[in-house]
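Indexing begins at 1, ligand by ligand and atom by atom, following the structure's order. One-based numbering along the sequence shown.
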Amino acid sequence: MISVQDTNTAASPLAPEWLAVPADLNALHEPMWAQGVQRNDAGELAIDGIPASELKAQFGTPLFVMDEADFRARARSFKDSFDAAFADICGGVDVYYAGKSFLCTAVVKWVEEEGLRLDTASGGELAVAARAGIDGARVALHGNNKSDAEINRALDMGLGRIVVDSLDELDRVARIASARGGQAKVMLRLTPGVHAHTHEFIATAHEDQKFGLSMAEDTTEQAGLSAAEEAVAAATSYPGIDLLGLHCHIGSQIFEPDGFALAAEKLLRFLAAMQEKYSIVMPELDLGGGYGIAYTPVDTPRPAAEIAQAMAAVVRSTCADLGITSPRISIEPGRAIVGSTTFTLYEVGTLKTVRVDAAGSGAAENQAENVTYPRRYVSVDGGMSDNARPVLYDADYSAILASRTSDAAPQLSRVVGKHCESGDIVVRDVYLPEDVAAGDLLAVPGTGAYCWALSSNYNYLARPGVVAVRDGSARLIVRGETEEDLLNRDMGV
Ligand SMILES: *Cc1c(COP(=O)(O)O)cnc(C)c1O
């Protein structure tokens, strides 16, 4: 016998354990949203006073909506917190915004105006930096397979640092710089054997990943030398290389400072040993990015100041222990600056409710057999083409009804896109009001990082534009694609 559970009941057995039924479906969980986002008196989601319906009317959906003041505030907060924490250690910290998270010329300008620098990882990202007119000395170039053209472009632009990823590349950069009759400012990316994600980190001796020079010994042909040491030795012998120092990046969406602290300690010990052994000074140390943000109510990121203080404490004590002067520290936050500044606005289209057998759904055990529970599919007018993270990384997001408030009961929902792919999920599990209907607007917060940047034209969908809101007015900083754009590169029959 199949019994049917009342849809109005609160927690659904199909929901993951972490997902609580919100006490108020209309309330905004603050850590997930930009500062300027609120509900207005009419109950509509509004940013800096501009209601969602107006954004929809002016720019269409899907749309990335960004709070410029919030971006600037988060950028400043990293700069100020780290400067303060490291003031007595190395006179402050250079903060490189990781452009790969979201980059356009307007953002480069904001980054510059707030006193930050810029990280790039390709010739295309360098082109955006050049178009925005940022001083090359404030730009870094990453990548595990830079082309000769990219290296030349970096040298043309007078880049502040090229972060070299391998022995092969060190050789290539040295040759290109020498041929040009100059020197390349280089940092060596090391893999310290610390991998962090959210609440955990693991420390391993050996590295099995494409990035970086391993600090583990016996990994190279020169017995006993790590790839990292071989690179230091080579770098100091090449006339084309000005070795600034060392770099590491241990992961992404990290909440706890322990992993950063351990990596900092490992790199400092290595830096001190190399300085002594090769009679050199490496004046800089980059500790990468990876600071986490809130995608759902259970994510609890730490304030920048707290992370800064924890990292400063380790750098201070390690340098004291080693009897060295601390190198100038730099960091590379991307997600933590831009992620929460932006929400994606979608329009709801098709809706359907399926009934799912809890036993076969991976839901809570000890559910009686043959009992089914409703899951509502809410289709929106975008999907995996504007947010690939759920498909790529199983990433969780949240969503809220944006065009109005509702007193209807919470219903476990799955927000899906319009692509020809059953994995095309935007928000896997979220409680939305039961009366959500076609034409309603939904907002998904936390889409500032790695969403527009990873967007595609799958199914010939036009990629959405990005609107920046500031002082109560909205302007496009990247326009949405048109049908013309979609057909532009098709060479015809
Ligand atoms: C991706 C990346 C970053 C930024 O990571 P976030 O998680 O966005 O802070 C910084 N440095 C390097 C080398 C990266 O690859």
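- Looking only at protein heavy atoms, the nearest one to atom 7 (O) of ligand 1 is Ser252 OG, 2.4 Å.
- Residue contacts with ligand 1, taken as heavy atom pairs separated by less than 4.0 Å, involve His249 solely via side-chain atoms from C-beta onward.
- Here the closest non-hydrogen pair linking Lys79 and Glu114 is CG-O, 4.5 Å.
- On a distance-only criterion, Gly334 and ligand 1 share at least one N/O pair closer than 3.5 Å.
- Between Ser252 and Arg335, the side chains place a donor N or O and an acceptor N or O closer than 3.5 Å (distance only, hydrogens not considered).
- At a heavy-atom distance under 4.0 Å, only side-chain atoms of Ala98, from C-beta outward, approach ligand 1.
- Ranking protein heavy atoms by distance to atom 10 (C) of ligand 1, first place goes to Glu332 O, 3.2 Å.
- Between Gly288 and ligand 1, no N or O atom pair is found at a separation short of 3.5 Å.
- Scanning all protein heavy atoms for the shortest distance to atom 8 (O) of ligand 1 gives Tyr450 OH, 2.6 Å.
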Discussion item. Show, in sequence, the C-alpha distance, side-chain angles and deciding distance for Glu332 and His247, and conclude whether the side chain to side chain donor-acceptor pair (under 3.5 Å) test is met.
Written reply: CA-CA 10 Å; Glu332 305 172 327; His247 171 281; 2.9 Å; yes
Which pairs of donor and acceptor atoms, one on a side chain in residues 256-264, lie under 3.5 Å apart (sequence neighbours left out)?
unit_1, atom_1, unit_2, atom_2, d
Glu256, OE1, Arg302, NH2, 2.3
Glu256, OE2, His199, ND1, 3.2

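- The backbone and the side chain of Arg335 each have at least one atom closer than 4.0 Å to an atom of ligand 1 (non-hydrogen atoms only).
- With sequence neighbours left out, Pro16 forms a side-chain contact (heavy atoms from CB on, under 4.5 Å) with Trp18, Leu19, Asp429.
- Of the residues listed (Thr61, Asp386, Asn387), the one engaging Tyr346 in a side-chain hydrogen bond (donor to acceptor under 3.5 Å, both in side chains) is Asp386, and it is the only one.
- Protein heavy atom nearest atom 9 (O) of ligand 1, with residue, atom name and distance: Gly290 N, 2.8 Å.
- For ligand 1, the polar-atom distance check finds no N/O of Arg189 at less than 3.5 Å from any of the ligand's N/O atoms.
- Of the protein's heavy atoms, Lys100 NZ, 1.2 Å lies nearest to atom 1 (C) of ligand 1.
- Although no hydrogens or angles enter the test, the distance criterion places no donor-acceptor pair under 3.5 Å between the side chain of Glu68 and the main chain of Ala468.
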